[in-house]
Amino acid sequence: MPRFAANLTMMFGEWSFLDRFAEAAEAGFTAVEFLFPYEHQPAEIADRLERNGLEQALFNLPPGDWAAGERGLAALPERAAEFRDSVARALDYALATKARRLHVMAGLAPSGSAEAGAAYREALRHACAAAAPHGIDILIEPLNKRDMPGYFLDDFGMAADIIAELGLPNLKLQFDIYHRQILHGDVTRGLEALLPITGHIQIASVPLRQEPGTGELDDARLFATLDELDYAGFVGCEYRPRAGTLEGLAWFVRAPRR
Ligand SMILES: O=C(O)[C@H](O)C(=O)CO
Ligand SMILES: [Mg+2]
């Protein structure tokens, strides 16, 4: 059974963000992920992780002005300097929390734009060069346009091509099964083909983005497939609980604490 990371942005919303760490540990998680830690000091996050025996699986670089609708900076040529600052800021948090994976969000730009594509590649080169000395992987994640209209990276083949083209050892795919099913389907064959370049996996039911096992996919079968493929990474639980977080954990098989 894969090692699950509770997504503290989407789950445990019944508690304040900093209290979610203890609740996730109490519920049996040994790892967490979230979108953005930046409202809190790195030491605060590190303290919660330490106190609750949790590993930080992943978080995102600063996305620009999220409230204003921005969804990342990497593919925006006019924001290159801000992107570089966001890399430095995310690395401060990664070093404090011992996170080994950072998700770089591309932003809203035409997927076929040569200018956006060039900016994106340059941004990824910069982020990977800054992260590599710390043993940190940079992840890119195709997102479906129903959830994120206008998002630059909206295709798993495009992501795999960019990873191959750049050839950076610490540039990897964030394989979100929810987006894969919406964008392409063919989830099992996609996992088989892309696992060699995959640095992190996420799960949510399709189409409602709720608990595993409640949508159109046989999520338990996919977890068994990950075991058969010897996937040793995390599976981030990036879903919105249908009712209460704890009430919705019947699917969750607790991994032994390491
Ligand atoms: O939405 C997703 O699936 C991504 O994982 C993300 O972090 C941006 O929302
Ligand atoms: Mg995701």
Side-chain angles (χ1 to χ4, degrees), residues 2 4-13 17 20 31-39 56-76 83 86-87 89-90 93-94 97 99-109 111 120 123-124 127 137-156 158-160 171-184 187 190-191 194-195 197-212 215 217 219 222 226 231 233-241:
F4 296 104
N7 185 297
L8 300 186
T9 301
M10 307 268 276
M11 299 171 69
F12 297 96
F17 181 76
R20 294 177 193 178
V32 296
E33 64 171 36
F34 36 73
L35 270 64
F36 313 114
Y38 307 108
E39 290 181 7
Q56 182 69 48
L58 165 117
F59 60 88
N60 297 0
L61 263 65
D65 187 344
W66 186 268
E70 295 186 332
R71 293 296 182 266
L73 303 168
L76 310 182
F83 175 80
S86 78
V87 171
R89 188 167 189 218
Y93 281 79
T97 60
R100 304 290 301 274
R101 291 155 214 86
L102 294 171
H103 172 208
V104 166
M105 295 192 72
L108 308 183
S111 302
Y120 188 56
L124 293 176
D137 287 341
I138 296 298
L139 306 181
I140 59 175
E141 181 188 14
L143 304 180
N144 82 76
K145 282 194 162 66
R146 184 165 74 212
D147 283 87
M148 206 159 284
Y151 194 71
F152 173 74
L153 186 66
D154 65 344
D155 184 279
F156 277 65
M158 177 183 175
L171 180 62
K172 296 184 180 170
L173 177 67
Q174 184 165 321
F175 192 120
D176 189 326
I177 289 170
Y178 170 76
H179 293 294
R180 172 74 193 193
Q181 173 64 2
I182 291 169
L183 285 167
H184 310 292
V187 176
L191 286 169
L194 297 173
L195 217 53
I197 63 168
T198 294
H200 188 66
I201 292 175
Q202 293 173 314
I203 187 74
S205 74
V206 181
L208 297 180
R209 208 166 193 178
Q210 293 177 341
E211 285 83 350
L217 292 176
D219 296 319
L222 291 173
L226 289 174
Y231 172 67
F234 292 101
V235 174
C237 304
E238 196 175 34
Y239 68 83
R240 299 185 194 92

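Positions are given from 1, in the same order as the sequence printed here. Model, not experiment: these values are computed from the prediction. Every number for a ligand or one of its atoms is a count from 1 in the order of the listing.
- No side-chain heavy atom of L183 sits less than 4.5 Å from a side-chain heavy atom of D155.
- Scanning all protein heavy atoms for the shortest distance to atom 9 (O) of ligand 1 gives M148 CE, 3.7 Å.
- Protein heavy atom closest to atom 8 (C) of ligand 1, with residue, atom name and distance, is M105 CE, 3.5 Å.
- For atom 7 (O) of ligand 1, the nearest non-hydrogen atom of the protein is N60 ND2, 2.9 Å.
- No side-chain heavy atom of M11 sits less than 4.5 Å from a side-chain heavy atom of R20.
- Within the 4.5 Å cutoff, side-chain heavy atoms of N7 are placed close to those of L35.
- For atom 4 (C) of ligand 1, the closest heavy atom belonging to the protein is E141 OE1, 2.9 Å.
- Listed by atom number, the atoms of ligand 1 under 4.0 Å from Q202 heavy atoms are 5 (O).
- Using a cutoff of 4.0 Å between basic side-chain nitrogens and carboxylate oxygens, R71 and D147 are not scored as salt-bridged.
- Each of E141, H179, M105 was checked for a side chain to side chain contact (heavy atoms under 4.5 Å, CB included) with Y151, and the lone residue meeting it is M105.
- Of all protein heavy atoms, the one closest to atom 6 (C) of ligand 1 is E238 OE2, 3.6 Å.
- By the 4.5 Å heavy-atom criterion applied to side chains, V32 and Q56 are counted as neighbours.
- You'll find the side chain of F59 reaches within 4.5 Å of the side chain of Y38, heavy atoms only.
- Counting heavy atoms from C-beta outward, L8 and F17 have side chains that approach closer than 4.5 Å.
- Compare H200, R209, Q174 by their heavy atoms: the one nearest to atom 3 (O) of ligand 1 is in R209.
- Contact annotation: for L143 versus ligand 1, heavy atoms closer than 4.0 Å belong to the side chain alone.
- Heavy-atom proximity to D176, at under 4.0 Å, picks out these atoms of ligand 1: 3 (O).
- For the side chain to side chain contact (heavy atoms under 4.5 Å, CB included) test with Q174, the passing option among L58, I140, L153, T198 is L58; the others fail.
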Quiz item: Stepwise, does the side chain to side chain donor-acceptor pair (under 3.5 Å) test hold for E33 with H200?
Solution: CA-CA 11 Å; E33 64 171 36; H200 188 66; 2.7 Å; yes
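- Using a 4.0 Å cut-off between heavy atoms, R71 makes no contact with ligand 1 at all.
- Excluding water, every protein N/O/S atom under 2.8 Å from the Mg ion (ligand 2) is given here by residue and atom: E141 OE2, D176 OD2, Q202 OE1, E238 OE1.
- Scanning all heavy atoms of the two residues, the minimum distance from A6 to C237 falls at CA-CB, 4.5 Å.
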